[in-house]
Protein chains: 2
Amino acid sequence: MNNKITAVLVDDHAVVRAGFRLLLSSGDKIEVVGEAARGEQAIQLYQECRPDVVVMDLSMPGIGGLETIRRIVQRDSEALILVFSVHHEQVYVSRALNAGAKGYITKNSAPELLTEAIAAIMRGECFVERGLLKNQQDPQPSNDHQAILAEFSPREFDVFRLLAEGMTAQKVADQLCLGHKTVANYATQIKKKLQVDTTTELAHIAVNLGMLQR
Amino acid sequence: MNNKITAVLVDDHAVVRAGFRLLLSSGDKIEVVGEAARGEQAIQLYQECRPDVVVMDLSMPGIGGLETIRRIVQRDSEALILVFSVHHEQVYVSRALNAGAKGYITKNSAPELLTEAIAAIMRGECFVERGLLKNQQDPQPSNDHQAILAEFSPREFDVFRLLAEGMTAQKVADQLCLGHKTVANYATQIKKKLQVDTTTELAHIAVNLGMLQR
DNA sequence: ACGAAACCGGGAAAAGTTCCTTATTTTCCC
DNA sequence: GGGAAAATAAGGAACTTTTCCCGGTTTCGT
């Protein structure tokens with residue numbers, strides 16, 4: 001096997017991409033054949049390069065990581081996507097895997113894990129960093145919120161997250177490039193699904209699920 | 001000193017009162033001369049009994065613990081009030097002391113601490129459970145929120161707390177027996193002081209200060 | 001290809017917010 | 001005690017947000 005594994009990097013932060021490029025290249029097994037700063041670029045790049053794997057951050061401007069995964073997988077159901085995210089919360093992991101990712105590691109995991117993970121998903125395995133899924137198959141008594149949330153559509157989830165962070169509906173609309181009425185409608189719908197009355201309670205749910213840091 | 005220390009107990013939960021009555025009486029130094037389930041009763045009881053100390057929970061229906069402390073101290077500036085609360089957060093401690101309490105211990109502190117605390121405040125000392133105030137005089141770099149919050153008027157603080165919990169302005173108005181316009185005005189004022197735009201951000205502040213449990 | 005679900009937003013009524021203003025009460029200081 | 005300052009309470013008017021209902025498009029699975 002003389003051929004290196006080809007990879008593309010997707011992250012909105014150039015410094016992070018540079019670092020990961022070095023990290024990946026250092027092993028002599030992997031070659032980074034492309035970089036993208038946002039989802040739309042990544043999709044296009046994928047179709048041009050057809051790399052063996054995609055290494056992708058979740059938080060990005062524009063369509064965001066989850067949606068990017070969905071679109072790539074939609075175009076090539078064999079695509080191997082490894083998520084590396086700052087989020088270590090279960091909700092993000094399960095949503096990423098549901099979207100079609102084959103692996104999930106966090107940004108502060110051991111550097112070796114990155115090549116390990118890539119090797120694993122190249123073998124057809126599904127690689128999730130140790131500990132990230134432990135709460136998931138445990139029969140947790142409470143928190144049907146978690147379950148409800150996991151069934152949210154991408155848009156619902158985005159609107160939920162941004163509202164829960166404390167943004168006004170108007171700002172959410174700007175960020176997602178939607179009409180304010182649209183966001184308002186989603187908000188109403190989300191509150192109904194989670195059976196709460198106020199946006200503040202959405203924040204509490206997000207906090208309780210550990211979705212919000214700092 | 002043949003005379004026992006006289007005390008009144010204030011807590012909205014009868015079981016808790018019963019337990020504490022036993023606990024206090026067991027030492028042979030203290031005699032419980034009265035009990036009250038809520039602030040209004042407590043104030044009346046205090047004027048009738050004039051006990052040496054008042055042992056009081058903070059969370060109560062009606063006017064609440066802080067307001068009760070204020071009103072008792074207002075009528076008798078020599079009153080010795082010991083707060084025992086479930087809350088171990090700095091904000092509550094400092095507000096209780098500002099309101100006029102002479103001591104603060106939490107409900108899961110060692111039982112001996114209760115008699116110790118009473119003895120201390122009887123000697124004219126101010127007794128705060130170890131560790132509860134440690135963050136306060138530390139020059140903390142961040143969190144001016146804490147400072148701003150500590151200067152809130154009683155009403156501002158109540159409105160803030162209830163809004164942060166996720167109540168609608170209308171429900172807050174009902175709870176505090178105010179007009180909805182009044183609550184709305186307080187809400188605007190509070191947001192301005194804390195320099196945020198949304199009620200959701202108030203929740204985040206409360207969470208970050210550890211004011212909200214579960 | 002057809003139904004289901006997701007997605008987007010218009011319109012109207014209800015609810016909530018902001019800003020300004022007024023008034024009473026409490027508190028604090030000299 | 002008298003007066004300044006702060007807290008408390010709320011009305012009115014303009015404005016924004018939210019809710020509810022609806023219709024339209026795109027996309028997906030089978």
Side-chain angles (χ1 to χ4, degrees), chain A residues 43 62-64 66-67 69-77 95 98-100 148-160 162-164 166-202, chain B residues 63-64 66-67 69-75 77 95 98-100 148-160 162-163 166-202:
Chain A
I43 296 162
I63 63 172
L66 287 175
E67 189 55 33
I69 295 172
R70 275 187 212 95
R71 298 204 188 166
I72 291 178
V73 172
Q74 181 190 338
R75 283 163 177 76
D76 174 12
S77 61
R95 286 187 65 85
N98 283 340
I148 298 173
L149 222 53
E151 307 224 319
F152 272 16
S153 75
R155 262 293 137 79
E156 283 175 330
F157 190 74
D158 284 342
V159 172
F160 167 78
L162 296 174
L163 285 179
M167 279 177 134
T168 61
Q170 183 56 66
K171 286 210 179 121
V172 174
D174 292 349
Q175 171 113 22
L176 299 177
C177 300
L178 294 175
H180 56 114
K181 300 292 298 292
T182 307
V183 173
N185 283 330
Y186 276 114
T188 303
Q189 196 178 329
I190 286 166
K191 287 179 203 163
K192 219 170 250 169
K193 285 197 185 184
L194 290 167
Q195 299 187 77
V196 299
D197 292 327
T198 65
T199 307
T200 303
E201 289 171 284
L202 296 184
Chain B
I63 63 171
L66 288 176
E67 189 53 33
I69 295 172
R70 273 185 216 100
R71 297 202 189 169
I72 291 178
V73 173
Q74 183 190 337
R75 284 163 177 76
S77 62
R95 287 189 65 84
N98 283 341
I148 298 173
L149 222 52
E151 307 224 318
F152 273 16
S153 75
R155 261 292 137 81
E156 284 176 330
F157 191 73
D158 284 342
V159 172
F160 167 78
L162 296 175
L163 285 179
M167 280 177 132
T168 61
Q170 183 57 64
K171 285 211 179 122
V172 173
D174 293 349
Q175 172 114 19
L176 299 178
C177 299
L178 294 175
H180 55 113
K181 297 295 295 295
T182 306
V183 173
N185 284 330
Y186 275 114
T188 303
Q189 195 177 330
I190 286 166
K191 288 179 203 161
K192 219 170 253 172
K193 285 196 186 186
L194 290 167
Q195 300 187 77
V196 301
D197 291 327
T198 66
T199 308
T200 302
E201 289 171 283
L202 297 184

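Each chain gets a letter, A, B and so on, in the order its sequence line appears, and its residues count up from 1.
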B:K193 and B:E151: CA distance, side-chain angles, deciding distance, side-chain contact (heavy atoms from CB on, under 4.5 Å) verdict: CA-CA 10 Å; B:K193 285 196 186 186; B:E151 307 224 318; over 6 Å; no
Sequence-distant partners of A:T168, side chain to side chain donor-acceptor pair (under 3.5 Å), two or more places apart: none
Set of side chain to side chain donor-acceptor pair (under 3.5 Å) partners for A:E67, sequence neighbours left out: A:R70, A:R71
Could you write out each protein N or O paired with an N or O of nucleotides 11-20 of chain D at a distance under 3.5 Å?
unit_1 : atom_1 : unit_2 : atom_2 : d
D:dG11 : O6     : B:N185 : ND2    : 3.0
D:dG12 : N7     : B:K181 : NZ     : 2.8
D:dG12 : O6     : B:K181 : NZ     : 3.4
D:dT19 : OP2    : A:T188 : OG1    : 2.9
D:dT19 : OP2    : A:K191 : NZ     : 3.4
D:dC20 : OP2    : A:K192 : NZ     : 3.2
D:dC20 : N4     : A:N185 : OD1    : 2.9

Working for side chain to side chain donor-acceptor pair (under 3.5 Å), residues A:Q189 and A:N185: CA-CA 6 Å; A:Q189 196 178 329; A:N185 283 330; over 6 Å; no
Whole angstrom value for the distance that separates [atom2] of [N] from [atom1] of [X]:
X      : N      : atom1 : atom2 : answer
A:R70  : C:dA6  : CZ    : P     : 11 Å
A:E156 : C:dC8  : CD    : C1'   : 13 Å
B:Q189 : D:dA10 : CD    : P     : 14 Å
A:L176 : C:dA6  : CG    : C1'   : 15 Å
A:D158 : C:dC8  : CG    : C1'   : 15 Å
B:R71  : D:dT8  : CZ    : P     : 11 Å
B:K171 : C:dA15 : NZ    : P     : 14 Å
A:E67  : D:dT26 : CD    : C1'   : 13 Å

Within 6.0 Å of NZ in A:K171, more than 12 heavy atoms from elsewhere: no
Watson-Crick or G-U wobble partner of C:dC30, both distances under 3.5 Å: D:dG1
Heavy-atom side-chain proximity of A:L194 to A:F160 below 4.5 angstrom: yes
Flag side-chain contact, heavy atom, 4.5 Å: B:T198 against A:T199: no
Candidate nucleotides D:dT8, C:dG9, D:dA10, ranked by approach to the side chain of B:L178 - the nearest: D:dA10
Sugar-phosphate, base or nothing in reach of A:S153, heavy atoms under 4.0 Å: sugar-phosphate
Phosphate contact (D:dA10 OP1 or OP2) by B:T182 side-chain N/O below 4.0 Å: yes
